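This is the structure I want to talk about, given as structure tokens.
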Amino acid sequence: MAVYVDDMQRPAKVGRFNAVWSHLLADTDDELHAFAARLGLKRAWHQHPGTPLSHYDVTESKRRQAIRLGAVQIGYLSRESLDLLRRKRAEHRVGAAVQNGGADD
């Protein structure tokens, strides 16, 4: 289990923040929220909760802080990033099937 930060580094104005943005991701939402709290991110900033696309957007300074705290650097749309998304999608399908009593099998 790990927490990841990508290198999207897309310039954008979000609210009052005109910054360069990347994504903070993790294998599980529990890990993601715990790490985000260490970075001082608000839970309300979490995007796509309960889905394979779950993440927080982070500014460049938070991205660098995440790396210092142990987040694994991955490329935006890199093999590592796509592999993480595939794993999360597969786990999400399994979880949905279990929740539906195996009806999706």
Side-chain angles (χ1 to χ4, degrees):
M1 304 274 199
V3 175
Y4 310 90
V5 65
D6 73 21
D7 62 356
M8 182 176 75
Q9 298 172 307
R10 177 174 294 155
K13 185 172 184 179
V14 177
R16 63 183 177 89
F17 293 102
N18 192 8
V20 174
W21 299 85
S22 297
H23 301 111
L24 183 71
L25 315 135
D27 291 318
T28 69
D29 278 357
D30 288 341
E31 287 177 292
L32 180 61
H33 295 315
F35 199 93
R38 290 175 60 199
L39 286 175
L41 304 179
K42 295 179 182 179
R43 178 73 69 102
W45 298 339
H46 180 223
Q47 297 183 36
H48 305 286
T51 75
L53 299 176
S54 171
H55 71 279
Y56 285 85
D57 287 343
V58 292
T59 61
E60 184 60 20
S61 62
K62 289 295 183 182
R63 181 182 170 279
R64 288 192 306 265
Q65 183 182 0
I67 293 165
R68 285 192 303 272
L69 290 173
V72 176
Q73 296 179 70
I74 59 174
Y76 177 66
L77 297 180
S78 66
R79 180 179 192 114
E80 296 86 1
S81 176
L82 296 175
D83 285 346
L84 172 63
L85 183 57
R86 280 186 206 101
R87 283 193 314 271
K88 290 177 77 169
R89 282 184 174 153
E91 290 167 8
H92 189 73
R93 281 192 300 273
V94 168
V98 168
Q99 192 172 27
N100 292 329
D104 293 342
D105 291 340

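Computed from a predicted model, the values in this text were never measured in an experiment.
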Next on the checklist: When you measure from the side chain of E31 to the backbone of A2, do you find a donor-acceptor pair of N or O atoms at a distance under 3.5 Å?
Outcome noted: yes
Next on the checklist: Do V20 and R63 have side chains that approach each other closer than 4.5 Å (heavy atoms only, starting at C-beta)?
Outcome noted: no
Next on the checklist: If you define the side chain from C-beta out and look only at heavy atoms, does anything of E80 sit under 4.5 Å from L84?
Outcome noted: no
Checklist entry - Just checking, any donor-acceptor pair under 3.5 angstrom between side chains of D6 and S81? => result no
Next on the checklist: Using side-chain heavy atoms (C-beta onward) and a distance below 4.5 Å, is L53 in contact with K88?
Outcome noted: no
Checklist entry - Are D57 and H23 close enough that some pair of their side-chain heavy atoms sits under 4.5 Å apart? => result yes
Checklist entry - Quick one: does I74's side chain get under 4.5 Å of L25's, heavy atoms only? => result yes
Next on the checklist: Check this for me: R87, atom CZ, are more than 12 non-hydrogen atoms of other residues, nucleotides or ligands nearer than 6.0 Å?
Outcome noted: yes
Next on the checklist: Let me check something: do Y56 and I67 share a hydrophobic cluster, defined by ILVMFWY side-chain heavy atoms less than 4.5 Å apart, either directly or through other members?
Outcome noted: yes
Checklist entry - Are V58 and Y4 co-members of a hydrophobic cluster defined by side-chain heavy atoms under 4.5 Å apart? => result no
Next on the checklist: Using side-chain heavy atoms (C-beta onward) and a distance below 4.5 Å, is T59 in contact with W21?
Outcome noted: yes
Next on the checklist: Would the distance check show the side chain of S22 and the main-chain N or O of Q9 forming a donor-acceptor pair, the cut-off being under 3.5 Å?
Outcome noted: yes
Item to check | Nearest-0.5 Å distance that lies between atom CG in L39 and atom NZ in K62 | outcome: 6.0 Å
Item to check | Within one Ile-Leu-Val-Met-Phe-Trp-Tyr cluster: L41 and L69, side-chain cutoff 4.5 Å | outcome: yes
Item to check | Separation between CD of E91 and CG of D27, rounded to the nearest 0.5 Å | outcome: 7.0 Å
Checklist entry - Quick one: do the T51 and H92 side chains pair a donor with an acceptor below 3.5 Å? => result no
Checklist entry - Taking side chain as C-beta onward, heavy atoms only, is R10 less than 4.5 Å from Y76? => result yes
Checklist entry - When rounded to the nearest 0.5 angstrom, what is the spacing between CD in Q47 and CG in L24? => result 11.5 Å
Checklist entry - Same hydrophobic cluster for L32 and W45, using side-chain heavy-atom links shorter than 4.5 Å among ILVMFWY? => result yes
Item to check | L85 reachable from V5 in the ILVMFWY side-chain graph, under 4.5 Å edges | outcome: no
Checklist entry - Which heavy atom in H46 sits nearest to a heavy atom in H33, and how many Å separate them? => result ND1-CE1, 3.3 Å
